[in-house]
Amino acid sequence: MIDVFDDIMPKSYVKLLNEIVTHTGFNWHYIHDATHEKELGTPSFCHLLYNHGEAGKDINTFFPPLAEYLDLSNDKIDTLIRVRLGCLLANSDRAYNTKHVDFDYPHMVGLYYLNDTDGPTFIWTERGVEQVECKAGRMVVFPGHYKHASSCPKTTPSRFVITYNFTTQ
């Protein structure tokens, strides 16, 4: 099941996050493939905010969309696994990047889009492939066993998304 929440946070908060991630002082890291898979895919940039108990200095700034989702869905977080910012550029004509799962154990995936762009997310469910458009302020949550893939924008210069991997009680 895929949950989609539009405008889960105030527009001013989305604007603030956009200002942070597009500031020249923000610490982006180059990766050879957007999904960290072994095959060479689409070069992109990431910023790891939280990884298996190790928190970066910016985690509190980027955690509220997940907290809001948990409140709206009446869920309680059990384990925060990873929080990662991703930046894809208009540098690929592929329909989508490498199809993958983030972890090979039960978890949830949350995606919080920071800008309006034409680079949708593809999610393979029991019903087939579903496509979620990137809309600033949109939160999408789905079971981590669903294969999914990002895609690069074609008509806008960049795509910014926060990926949350977590388990609930």
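Given the structure is predicted, the values throughout are model-derived calculations rather than measurements.
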**Q** Atom CD of residue position Glu54 - does it have more than 12 heavy atoms of other residues, nucleotides or ligands inside 6.0 Å?
**A** no
**Q** Hydrophobic clustering (ILVMFWY, side-chain heavy atoms < 4.5 Å, transitive) - are Ile81 and Phe63 grouped together?
**A** no
**Q** From Cys152 SG over to Asp118 CG, what is the distance, rounded to the nearest 0.5 angstrom?
**A** 10.0 Å
**Q** Give a yes or no on whether the backbone of Leu88 and the side-chain of Ser158 come within a donor-acceptor separation of less than 3.5 Å.
**A** no
**Q** Any chain of hydrophobic side-chain contacts (each under 4.5 Å) joining Val141 to Val101?
**A** no
**Q** Does the side chain of Leu17 reach to within under 4.5 Å of the side chain of Phe160, using non-hydrogen atoms?
**A** no
**Q** Under a 3.5 Å distance rule, please check whether His148 uses its side chain to pair with a backbone N or O of Phe122 as donor and acceptor.
**A** no
**Q** Checking side chain to side chain contact (heavy atoms under 4.5 Å, CB included) between Tyr112 and each of Leu85, Ile8, Leu66, which is the one that passes?
**A** Ile8
**Q** Would the distance check show the side chain of Asn91 and the main-chain N or O of Thr42 forming a donor-acceptor pair, the cut-off being under 3.5 Å?
**A** no
**Q** Among Asn51, Asn165, Thr163, which residue satisfies the side chain to side chain donor-acceptor pair (under 3.5 Å) criterion with Arg82?
**A** Asn165
**Q** Within the side chain of Arg159, is there an N or O that forms a donor-acceptor pair under 3.5 Å with the backbone of Gly119?
**A** yes
**Q** Could you measure the distance from the NE2 atom of His52 to the OG1 atom of Thr79? Nearest 0.5 Å is fine.
**A** 10.0 Å
**Q** To the closest 0.5 Å, what do you measure between OG (Ser73) and CD (Glu68)?
**A** 10.0 Å
**Q** Closest approach of Lys154 and Arg94, non-hydrogen atoms and distance?
**A** NZ-O, 3.0 Å
**Q** Which heavy-atom pair separates His107 from Phe103 by the least distance, and what is that distance?
**A** CE1-O, 3.2 Å
**Q** Compute whether any side-chain donor of one residue and acceptor of the other, for Thr117 and Asn115, lie under 3.5 angstrom apart.
**A** no
**Q** Decide whether Ile20 and Phe45 are clustered together by the hydrophobic rule: side chain heavy atoms of Ile, Leu, Val, Met, Phe, Trp, Tyr closer than 4.5 Å, transitively.
**A** yes
**Q** For a side chain to side chain contact (heavy atoms under 4.5 Å, CB included) check, start with the C-alpha distance between Thr167 and Ile77, then their side-chain angles and the critical distance, and finish with the verdict.
**A** CA-CA 6 Å; Thr167 62; Ile77 197 160; 5.9 Å; no
**Q** Identify, with sequence neighbours excluded, every residue that meets side-chain contact (heavy atoms from CB on, under 4.5 Å) alongside Ala55.
**A** Tyr50, Ile59
**Q** Among pairs that include at least one residue of residues 127-142, which meet side chain to side chain donor-acceptor pair (under 3.5 Å), considering only residues two or more places apart or in two chains?
**A** Asp6-Arg138, Thr125-Glu130, Arg127-Glu130, Gln131-Glu133
**Q** Between Val83 and Phe166, is there a side-chain heavy-atom distance shorter than 4.5 Å?
**A** no
**Q** Taking all non-hydrogen atoms of both residues into account, name the closest pair between Met139 and Pro65 and its distance.
**A** CE-O, 3.9 Å
**Q** Could you grab the distance from atom CG of Leu48 to atom CG of Asn27, nearest 0.5 Å is fine?
**A** 11.5 Å
**Q** Sub-3.5 Å donor-acceptor pair from the side chain of His100 to the main-chain atoms of Asp102, do we have one?
**A** no
**Q** With rounding to the nearest 0.5 angstrom, report the OH to CG distance, Tyr13 to Asn18.
**A** 11.0 Å
**Q** In terms of heavy-atom contacts, does NZ of Lys15 have more than 12 from other residues, nucleotides or ligands at under 6.0 Å?
**A** no
**Q** With a cutoff of under 4.5 Å between side-chain heavy atoms, which Ile, Leu, Val, Met, Phe, Trp and Tyr residues group with Leu111?
**A** Ile2, Val4, Val109, Tyr113, Ile123, Val132, Val140, Phe142, Tyr146, Val161
**Q** With the 4.5 Å side-chain cut-off for hydrophobic clustering, are Phe62 and Leu70 part of the same group?
**A** yes
**Q** So, for Tyr30 and Trp28, is the gap between ring centers shorter than 6.0 Å?
**A** no
**Q** Do side-chain atoms of Asp71 reach the backbone of Ala67 as a donor and acceptor pair under 3.5 angstrom?
**A** no
**Q** Keeping the roles fixed (side chain from Lys99, backbone from Asn97), state whether a donor-acceptor pair exists under 3.5 Å.
**A** no
**Q** Looking at Leu49 and Asp58, what are the two nearest heavy atoms and their distance?
**A** CD2-CB, 3.6 Å
**Q** Is the backbone N or O of Pro120 less than 3.5 Å from a side-chain atom of Ser151, with the two atoms forming a donor-acceptor pair by type?
**A** yes
**Q** Grab the two heavy atoms, one from Tyr96 and one from Ala149, that are nearest each other, plus how far apart they are.
**A** CD1-CB, 3.8 Å
**Q** More than 12 foreign heavy atoms under 6.0 Å from NE2 of His23: is that the case here?
**A** no
